[in-house]
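The structure appears right after this line, and notes come after that.
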Amino acid sequence: MYDYLIVGCGFAGAVCAERLATLGKKVIICDKRPHIAGNAYDCHDAAGVLVHKYGPHIFHTQSARIFEYLSQFTEWRRYEHRVLAHVDGQLLPFPINIDTVNRLYGLHLDAAGLEDFFARRAERSGAARTSEDAVVGRIGRDLYEKFFRNYTRKQWGVDPAELDASVAARVPARTNHDDRYFTDTFQAMPLHGFTRLFERMLDHKNISIVLKTDYRDLVPEVSFRDMIYSGPIDAFFDGCYGDLPYRSLEFRFETHERERFQSGAVINYPNDHEYTRITEFKYLTGQTHPSTTVVYEHPRNSGDPYYPVPRRENAEVYARYKALADVTPHVHFVGRLATYRYYNMDQVVAQALTLIDSLESVGRTRAA
Ligand code: FAD
Ligand code: UDP
């Protein structure tokens with residue numbers, strides 16, 4: 001008899017398992033994949049290069065609480081991520097900063113000059129509802145078309161005018177020289193990789209792990225009191241309100257027998273090629289190896305569900321599933337797919353910790 005069956009061994013499921021086990025609960029956690037760590041899974045490829053099987057994952061957070069929580073399970077390698085965008089034949093810093101604009105247009109603007117440059121080009125039309133509004137309303141149409149429009153169309157299969165403002169708002173333009181991708185206080189990579197972090201998180205006598213198993217096949221086999229579910233919410237309810245769209249990616253890995261392949265960790269190709277970006281893992285992991293492996297990301301409509309698609313009509317369908325989830329007893333929904341949110345790893349960890357806190361306080365109230 002288990003207290004909890006947890007579906008999904010990604011950050012959402014693994015954090016719940018660790019917290020509950022530490023609180024003395026017996027949990028069984030399953031994943032249909034043959035490994036733990038969900039989309040953060042990393043492993044050594046045939047050449048011995050450490051790669052992220054589901055695309056580049058860089059840890060960053062503003063929350064000391066989340067960083068300290070995860071620090072129980074890993075040491076860290078200091079790492080600040082930088083991205084270059086290939087635009088008009090140049091490799092330029094992205095997100096857009098002073099150097100991006102000066103090099104693109106052959107200018108010598110300072111911060112005040114750049115603010116003025118943006119203000120004169122910005123096309124404001126009320127509140128920024130879509131990703132197009134958000135970018136054009138801040139930096140104008142030319143930069144939007146060079147850096148955002150085509151990348152977004154490739155990545156999402158729809159125009160930025162059809163996506164919530166929050167999507168492009170993840171990479172706001174700056175008026176300084178900061179060329180880091182993230183500005184969070186805590187930015188680091190797990191020293192021995194994400195999978196090792198998960199192994200340590202799940203290494204507890206109260207946790208049983210079952211891989212290569214869909215939870216639907218496990219339910220008749222085990223008894224448990226409550227379920228924590230981190231798969232796609234629409235799949236849980238057999239798509240009764242229609243399928244929620246998820247954007248998928250095909251990852252194409254290439255190993256090269258040389259130390260370096262490209263001049264930075266990630267190069268974005270907004271306007272060329274069918275893929276969006278190329279990542280060279282050794283920059284992220286700090287590994288020393290005579291060969292190097294890169295991954296090309298080709299966006300797809302079908303395949304593993306990686307991205308919820310932030311658009312109003314999808315939020316409306318999700319709201320119907322959420323209402324159903326709220327009245328489904330003994331099942332708790334957590335994570336990027338189960339709550340249909342475009343969350344980073346730290347946000348998923350925070351969401352899982354909050355869920356366990358609330359389950360605990362309900363438990364305490366019942367016991368009192
Ligand atoms: P997942 O990791 O997807 O885990 C859910 C698990 O549930 C999966 O392993 C799945 O197999 C399992 N599952 C589903 N259905 C069933 C079922 N029926 N039975 C059994 N198991 C099931 N975040 C960052 O913070 N930084 C980054 O740099 C970053 N880069 C990213 C790059 C890409 C290409 C992608 C796709 C995401 C990136 N993210 C990044 C986001 C990050 O991957 C997620 O925030 C995080 O992995 C979500 O964790 P999760 O547990 O909610 O979901
Ligand atoms: N984006 C863009 N051009 C770029 C990089 C990002 O237009 O060169 C937009 C695009 O819509 C993308 C979003 O900004 O989906 C968020 O980018 P991020 O790098 O955060 O995406 P993720 O790493 O989650 O794929």
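Start at 1 and go down the list; that is how both ligands and their atoms are numbered.
For atom 23 (N) of ligand 1, the nearest protein heavy atom is under 4.0 Å away.
A distance below 6.0 Å separates the ring centres of Y79 and H81. Under the 6.0 Å cut-off for aromatic ring centres, Y340 and Y321 do not qualify, their centroids lying 6.0 Å or more apart. Y343 and F11 have their aromatic ring centers separated by at least 6.0 angstrom. Annotation: F59 is not in aromatic contact with F182 [ring centroid separation under 6.0 Å not met].
D226 and K25 are not joined by a salt bridge, as no carboxylate oxygen comes within less than 4.0 angstrom of a charged side-chain nitrogen.
Of the polar atoms of G335, none of the N or O atoms is found under 3.5 Å from an N or O of ligand 1, judged by distance alone. For a threshold of 3.5 Å applied to N or O pairs, the pair formed by M345 and ligand 1 contains at least one separation below that value. Between G231 and ligand 1, no pair of N/O atoms sits closer than 3.5 Å. Considering backbone and side-chain atoms alike, F148 places an N or O below 3.5 Å from some N or O of ligand 2. Residue R277 places no N or O, backbone or side chain, under 3.5 Å from any N or O of ligand 1. Inclusion of Y215 in the set of residues having an N or O under 3.5 Å from an N or O of ligand 1 is warranted.
The residue from V334, I58, I36 that puts a heavy atom closest to atom 27 (C) of ligand 1 is I58. Comparing I29, D31, D346, L284 against atom 11 (O) of ligand 1, the shortest heavy-atom distance belongs to D31.
Taking the six-membered ring where tryptophan is involved, the planes of Y54 and Y41 are tilted, since the angle between them lies from 30° to 60°. Ring orientation note: the planes of H52 and F194 are nearly perpendicular, at an angle over 60° on the 30°/60° scale. Between F251 and F253, the ring planes are tilted. Angles from 30° to 60° get that label.
Those atoms of ligand 1 that come under 4.0 Å of a heavy atom in Y343, given as number and element, are 41 (C), 44 (C), 45 (O). Atoms of ligand 2 lying under 4.0 Å from any heavy atom of Q155, numbered from 1 in the order shown and given with element: 15 (O). Distances below 4.0 Å separate heavy atoms of N268 from the following atoms of ligand 2: 4 (C), 5 (C), 8 (O). Below 4.0 Å from some heavy atom of G10 lie the following atoms of ligand 1, by number and element: 2 (O), 4 (O), 51 (O). The Y307 neighbourhood of ligand 2 comprises atoms 22 (P), 24 (O), 25 (O), with distances under 4.0 Å to a heavy atom of that residue. Atoms of ligand 1 found under 4.0 Å from any heavy atom of Y54 (numbered from 1 in listed order, with element): 33 (C), 34 (C).
Ligand 1 has no atom lying under 4.0 Å from any heavy atom of F59. Heavy-atom distances between T61 and ligand 1 stay at or above 4.0 Å for every pair.
Given atom 32 (C) of ligand 1, the protein heavy atom at minimum distance is P56 O, 3.4 Å.
To the nearest 0.5 Å, atoms CD1 (I58) and CE (M189) are separated by 6.0 Å.
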